[in-house]
Q: 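Input: one structure, supplied below.
These numbers come from the heavy atoms of this one structure, side chains and all, not from hydrogens, waters or symmetry mates.
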Amino acid sequence: MERFERFAAELQVLTPFRIRYKAEAWEMQILQALIGWFCPGFLTRFTTVIGTTVYFPSRAYIENNPEGAMQTLAHEAVHLIDAEKITWPAFAAAYLFPQILALGVFSFPWSGLWALLFLLFLLPIPSPSRARFESRAYALDLLTHSPEAKNRVLFHAIEQFEGWNYYKMYPFPKACSEQIEYWAKAIENGEEQALLNILLVYEWVLETQN
């Protein structure tokens with residue numbers, strides 16, 4: 001737990017955030033009611049970023065596996081940095097695209113029955129923009145794990161990209177793997193300095209806390 005707290009404190013220098021726990025957040029209970037039908041593990045298995053708040057499932061989630069929680073926080077820090085770069089509203093809109101277009105149904109009083117066509121965007125239509133953000137975060141996952149775990153990390157990422165947890169955002173396994181490896185190389189080569197900084201902080205904390 002001490003190592004995780006040190007990592008979280010050092011990350012604050014790169015991007016400001018606060019940590020909360022889904023088990024203690026009423027707003028997460030509301031989200032569970034909305035999306036639990038396609039992501040049943042939302043409250044207990046997944047960490048979520050909204051604005052500058054990182055919601056871990058619970059305190060025990062971190063206490064039971066602090067190093068795994070560090071890897072998760074590194075992943076979420078990528079989203080924090082990307083959102084900070086393009087602003088949170090733009091990030092949220094791009095992340096939720098195209099499903100966010102379903103909000104157009106609220107133009108119903110002015111557009112008549114045609115507005116109901118916006119509800120079609122609630123279907124699990126692939127989202128290249130969401131896949132781009134997640135491929136950058138999973139690239140850091142690749143780098144915070146040992147080289148021997150590479151295939152396991154990629155397999156897990158592909159499962160997530162294809163599955164319901166991300167609302168079937170990118171059901172293209174080969175392209176998914178290529179995107180993640182592309183961003184991993186960009187990070188290692190210093191072409192994504194902000195993300196490389198996350199990795200360097202992660203490695204530094206591991207070394208100094210051993």
Q: Ile19 versus Phe4: any side-chain heavy-atom pair under 4.5 Å?
A: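 With C-beta onward as the side chain, the pair touches.
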Q: Report the C-alpha separation of Trp88 and Thr52 in whole Å, then their side-chain angles, then the decisive distance to 0.1 Å, and conclude whether the side-chain contact (heavy atoms from CB on, under 4.5 Å) test is met.
A: CA-CA 9 Å; Trp88 163 246; Thr52 57; over 6 Å; no
Q: Given side chains that start at C-beta, do those of Ile198 and Tyr202 come closer than 4.5 Å, heavy atoms only?
A: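 No - every pair of side-chain heavy atoms lies 4.5 Å or more apart.
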Q: Honestly curious: do Leu96 and Leu122 fall in one hydrophobic cluster under the side-chain, below-4.5 Å linking rule?
A: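 Result: yes, single cluster for both.
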Q: Apply side-chain contact (heavy atoms from CB on, under 4.5 Å) to Glu181 and Leu154, showing your working.
A: CA-CA 9 Å; Glu181 293 194 78; Leu154 285 175; 4.1 Å; yes
Q: Closest heavy-atom contact between Pro98 and Pro126?
A: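 What the structure gives for the nearest pair is CD-O, 3.8 Å.
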Q: Using atom types as modelled and distance alone, determine if a side-chain donor or acceptor of Gln99 lies under 3.5 Å from a backbone N or O of Ile125.
A: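 Yes: the side chain of Gln99 pairs with the backbone of Ile125.
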Q: Which heavy-atom pair separates Phe46 from Gly41 by the least distance, and what is that distance?
A: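 Heavy-atom minimum between the residues: CD1-O, 3.3 Å.
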Q: Testing the 3.5 Å rule here: is there a donor-acceptor pair between the side chains of Gln179 and Tyr170?
A: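 Yes - a donor-acceptor pair under 3.5 Å links their side chains.
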Q: Can you check whether Phe97's main-chain N or O pairs, donor with acceptor, with Ser127's side chain at less than 3.5 Å?
A: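 Pair found, side chain donor or acceptor close to backbone of Phe97.
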Q: So do the side chains of Gln32 and Lys22 get within less than 4.5 Å of each other, counting heavy atoms only?
A: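 When only atoms from C-beta onward are counted, Lys22 and Gln32 do not touch, as no gap falls below 4.5 Å.
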Q: Please work out whether the ring planes of Tyr138 and Tyr166 are parallel, tilted or perpendicular, with thresholds of 30° and 60°.
A: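 Tyr138 and Tyr166: perpendicular rings.
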Q: Is there a path of hydrophobic side-chain contacts, each under 4.5 Å between heavy atoms of I/L/V/M/F/W/Y residues, joining Leu123 to Trp37?
A: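 In one cluster: yes.
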Q: Measure up the Phe91 and His79 rings against each other and bin them: parallel (under 30°), tilted (30 to 60°), perpendicular (over 60°).
A: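 Answer is tilted, since the angle falls between 30° and 60°.
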Q: Could you grab the distance from atom OG of Ser146 to atom CZ of Arg152, nearest 0.5 Å is fine?
A: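 So the gap between those two atoms works out to 7.0 Å.
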Q: If you compare all heavy atoms of Ile187 against all heavy atoms of Arg136, which two are closest, and at what distance to 0.1 Å?
A: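 Taking Ile187 first and Arg136 second, the nearest heavy atoms are CD1-O, 4.4 Å.
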Q: Is any side-chain heavy atom of Pro16 less than 4.5 Å from a side-chain heavy atom of Glu84?
A: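 Touching, per the 4.5 Å side-chain cut-off.
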Q: Check whether any side-chain N or O of Gln71 sits under 3.5 Å from a backbone N or O of Thr144 as a donor-acceptor pair, and report yes or no.
A: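 Judged by distance alone, yes, a pair lies under 3.5 Å.
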Q: Please tell me if the side chains of His156 and Asp141 come closer than 4.5 Å, counting only heavy atoms from C-beta onward.
A: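 The answer is no, as the side chains (C-beta and beyond) never meet within the 4.5 Å cut-off.
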Q: Could you check whether atom NZ of Lys168 has more than 12 heavy atoms from other residues, nucleotides or ligands sitting under 6.0 Å from it?
A: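 Yes, the 6.0 Å shell around NZ holds more than 12 heavy atoms from other groups.
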Q: Any donor-acceptor pair under 3.5 Å linking the side chain of Ser177 with the backbone of Pro173?
A: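 Here the side-chain-to-backbone pair does not exist.
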Q: Dump the intermediate steps for salt bridge (Lys or Arg N to Asp or Glu O under 4.0 Å) on Glu2 and Arg6, then the final yes or no.
A: CA-CA 6 Å; Glu2 180 183 347; Arg6 178 72 177 276; over 6 Å; no
Q: Can you check whether Phe17's main-chain N or O pairs, donor with acceptor, with Gln12's side chain at less than 3.5 Å?
A: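 Pair found, side chain donor or acceptor close to backbone of Phe17.
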Q: Mind listing the closest non-hydrogen atom pair of Trp183 and Glu192 along with its distance?
A: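 The answer is CZ3-OE2, 3.4 Å.
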Q: To the nearest 0.5 Å, what is the distance between CD on Glu24 and CD on Gln29?
A: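 Here the rounded value is 10.5 Å.
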Q: I need the Thr72 OG1 to Leu140 CG distance, nearest 0.5 Å.
A: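 If we round to the nearest 0.5 Å, Thr72:OG1 and Leu140:CG are 11.0 Å apart.
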Q: Check whether Tyr182 and Val153 end up in the same hydrophobic cluster, where Ile, Leu, Val, Met, Phe, Trp and Tyr are linked by side-chain heavy atoms less than 4.5 Å apart.
A: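 No: no chain of side-chain contacts under 4.5 Å links Tyr182 to Val153.
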Q: Is Leu34 linked to Phe42 within one hydrophobic cluster, defined over Ile, Leu, Val, Met, Phe, Trp and Tyr using a side-chain heavy-atom separation of less than 4.5 Å?
A: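 Yes, Leu34 connects to Phe42 through the hydrophobic network.
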Q: Is the Phe118 ring parallel, tilted or perpendicular to the Phe121 ring (thresholds 30°, 60°)?
A: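 Phe118 and Phe121: tilted rings.
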Q: Using 0.5 Å steps for rounding, measure from the CZ atom of Arg130 to the CD atom of Glu134.
A: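 Going from the CZ atom of Arg130 to the CD atom of Glu134 covers 8.5 Å.
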Q: For the residue pair Leu11 and Leu80, establish whether any side-chain heavy-atom pair is separated by less than 4.5 Å.
A: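 Heavy-atom side-chain distance check fails, nothing below 4.5 Å.
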Q: According to the interplanar angle, ranging from 0 to 90°, do the rings of Phe133 and Tyr95 count as parallel (below 30°), tilted (30 to 60°) or perpendicular (above 60°)?
A: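 The rings of Phe133 and Tyr95 lie parallel, inter-plane angle below 30°.
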Q: Mind checking the CZ-CD spacing from Phe172 to Glu162? Nearest 0.5 Å is all I need.
A: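 The CD atom of Glu162 is 9.5 Å from CZ of Phe172, to the nearest 0.5 Å.
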Q: Just wondering, more than 12 heavy atoms not from Phe155 lying within 6.0 Å of its CZ?
A: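 For Phe155, atom CZ is not crowded (no more than 12 foreign heavy atoms under 6.0 Å).
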Q: Let me check something: do Ile158 and Met169 share a hydrophobic cluster, defined by ILVMFWY side-chain heavy atoms less than 4.5 Å apart, either directly or through other members?
A: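 Looking at the clustering, Met169 is in a separate group from Ile158.
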Q: Could you please spell out the steps behind the side-chain contact (heavy atoms from CB on, under 4.5 Å) verdict for Val78 and Asp82?
A: CA-CA 6 Å; Val78 176; Asp82 283 346; 3.8 Å; yes
Q: Minimum heavy-atom separation for Thr44 and Tyr61, please, with both atom names.
A: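 Answer, listing the atom of Thr44 first, then Tyr61: O-CD1, 4.2 Å.
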Q: In Å, rounded to the nearest 0.5 Å, how long is the span from CG of Leu119 to CG of Leu103?
A: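 Spacing of CG (Leu119) from CG (Leu103) equals 10.0 Å.
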Q: Are the side chains of Tyr21 and Met28 in contact, using a 4.5 Å heavy-atom criterion?
A: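 Answer no - side chains too far apart.
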Q: Taking it one step at a time, do Asn165 and Arg45 satisfy side-chain contact (heavy atoms from CB on, under 4.5 Å)?
A: CA-CA 11 Å; Asn165 290 331; Arg45 293 173 44 223; 4.2 Å; yes
Q: Taking Arg132's backbone N and O only, do any of them form a donor-acceptor pair with Ser135's side chain (distance below 3.5 Å, no angle check)?
A: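 It does hold such a pair.
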Q: How close do Ala184 and Leu143 get, heavy atom to heavy atom, and via which atoms?
A: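 Ala184 and Leu143 have their closest heavy atoms at O-CD1, 3.8 Å.
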Q: For residues Thr53 and Arg18, determine if any side-chain heavy atom of one lies less than 4.5 Å from a side-chain heavy atom of the other.
A: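 Yes - at least one pair of side-chain heavy atoms lies under 4.5 Å apart.
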